[in-house]
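Take a look at the structure below.
Convention: sequence-line order gives letters A, B, ...; per-chain numbering from 1.
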There are 2 protein chains.
Amino acid sequence: MDNKQSDCEAINFELIEKIRPKMPEQTLLYELSDFFKVMGDGTRIRLLWALEESEMCVGDLAVLLNMTKSAVSHQLKVLRLAKLVRSQKKGKNVYYSLDDYHVKTILEKALEHVCE
Amino acid sequence: MDNKQSDCEAINFELIEKIRPKMPEQTLLYELSDFFKVMGDGTRIRLLWALEESEMCVGDLAVLLNMTKSAVSHQLKVLRLAKLVRSQKKGKNVYYSLDDYHVKTILEKALEHVCE
DNA sequence: TTGACAGTTGAACAGTTATTCAATTATAAT
DNA sequence: ATTATAATTGAATAACTGTTCAACTGTCAA
């Protein structure tokens, strides 16, 4: 039985078999794309950018970004699960702040690409 | 008429108004998240990683990643429109290669984050 | 205890997206 | 010309995602 996924023949099998072992593990690549998936949303990028300036509570962020608290909370949860932000309860409020030192570098590099 | 989006009062208006002008333009932030959206797919990340090793034609990539040529071609189109890869026709084949020097850096930084 | 406020949550909806399939273009070989 | 191969394309489908809405939890103040 031949491969059902790939519907064609490769031109350069030697090259392919040389490259194949150099590919990172599938699971790692999917973790990587999951990370980018989290960054790949306008709301979440704006949240990260805002939190780079200062920690803020959900209400502040909602006003700043002109969104409902619910929508902000949902997205903060995604960022929290991705370990990009961290939360801290103070009285009635929950304050969020950045939780990863790589994020800033990545944002800057990506900005270079976009602005080029 | 008050703001329909934000359903709440901010705790710290002063802070918000200090941060607001520091936020990059909306359009820029959305370009940024669009860029990450392109990276946020397992297939496309694998394609980029493979093309970092060597330029290849669609059939080679399909065999390497165990996918149909059609699926690969669709995703290469997305990468091409995002200016991350470039194509070059040689006889019957179309060879793809990386088209952005930032990509490698961004991939490496993101990998640091994922692997930490 | 009661009421108000801050935030979270789950379901539902609309919009988006990746793959498959079938049809098509373009090139090369016979 | 005909046939075969490489790649692209558009439509269709299924899966996923972000926001809204309503209900809920937890905290503070009166």
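Ring orientation note: the planes of Phe35(B) and His113(A) are tilted relative to one another, at an angle of 30° to 60°.
When the side-chain nitrogen and oxygen atoms of Asn93(B) are compared with OP1 and OP2 of dT5(D), none of them lie within a distance under 4.0 Å. The side chain of Lys92(A) contributes no N or O atom lying less than 4.0 Å from OP1 or OP2 of dG26(D). Phosphate contact (OP1/OP2 of dC21(D), side-chain N/O of Thr68(A), threshold under 4.0 Å): absent. An OP1 or OP2 oxygen of dT9(D) is reached within less than 4.0 angstrom by no side-chain nitrogen or oxygen of Ser73(B).
No donor-acceptor pair closer than 3.5 Å links the side chain of Asp99(A) to the backbone N or O of Leu84(A).
Each of Tyr96(B) and Val78(A) was assigned the nucleotide of DNA chain D with the nearest heavy atom; the assignment lying further toward the 5' end belongs to Tyr96(B).
Between Lys69(B) atom NZ and dA6(D) atom P there is a gap of 5 Å when expressed in whole angstrom units. The nearest whole Å value for the distance from the CG atom in Asn66(A) to the C1' atom in dG18(D) is 16 Å. One interatomic measurement links the two molecules: CD1 of Ile11(A) to P of dA28(C), which rounds to 13 Å at whole-angstrom precision. Between Tyr95(B) atom OH and dT8(D) atom P the separation is 13 Å, expressed in whole Å. When the C1' atom of dG7(C) is taken as reference, atom CZ of Arg80(A) falls 10 Å away, rounded to whole Å. Regarding Lys89(B), its NZ atom lies at a distance of 6 Å from the C1' atom of dT27(C), rounded to whole Å. Atom P of nucleotide dT17(C) and atom NZ of Lys77(B) are separated by 14 Å, given to the nearest angstrom. Rounded to whole Å, atom P of dT17(D) lies 17 Å from atom CE of Met39(A).
Considering only heavy atoms from C-beta on, Ser73(A) stays 4.5 Å or farther from Thr68(A) through its side chain. Considering only heavy atoms from C-beta on, Ser87(B) stays 4.5 Å or farther from Tyr95(B) through its side chain.
Under a 4.0 Å N-O distance rule, the pair Lys90(A)/Glu55(A) qualifies as a salt bridge.
Side-chain N/O atoms of His74(B) and base N/O atoms of dT17(C) include no donor-acceptor pair closer than 3.5 Å. Judged by distance alone with a 3.5 Å cut-off, a donor-acceptor contact links the side chain of Ser70(A) to the base of dT9(C).
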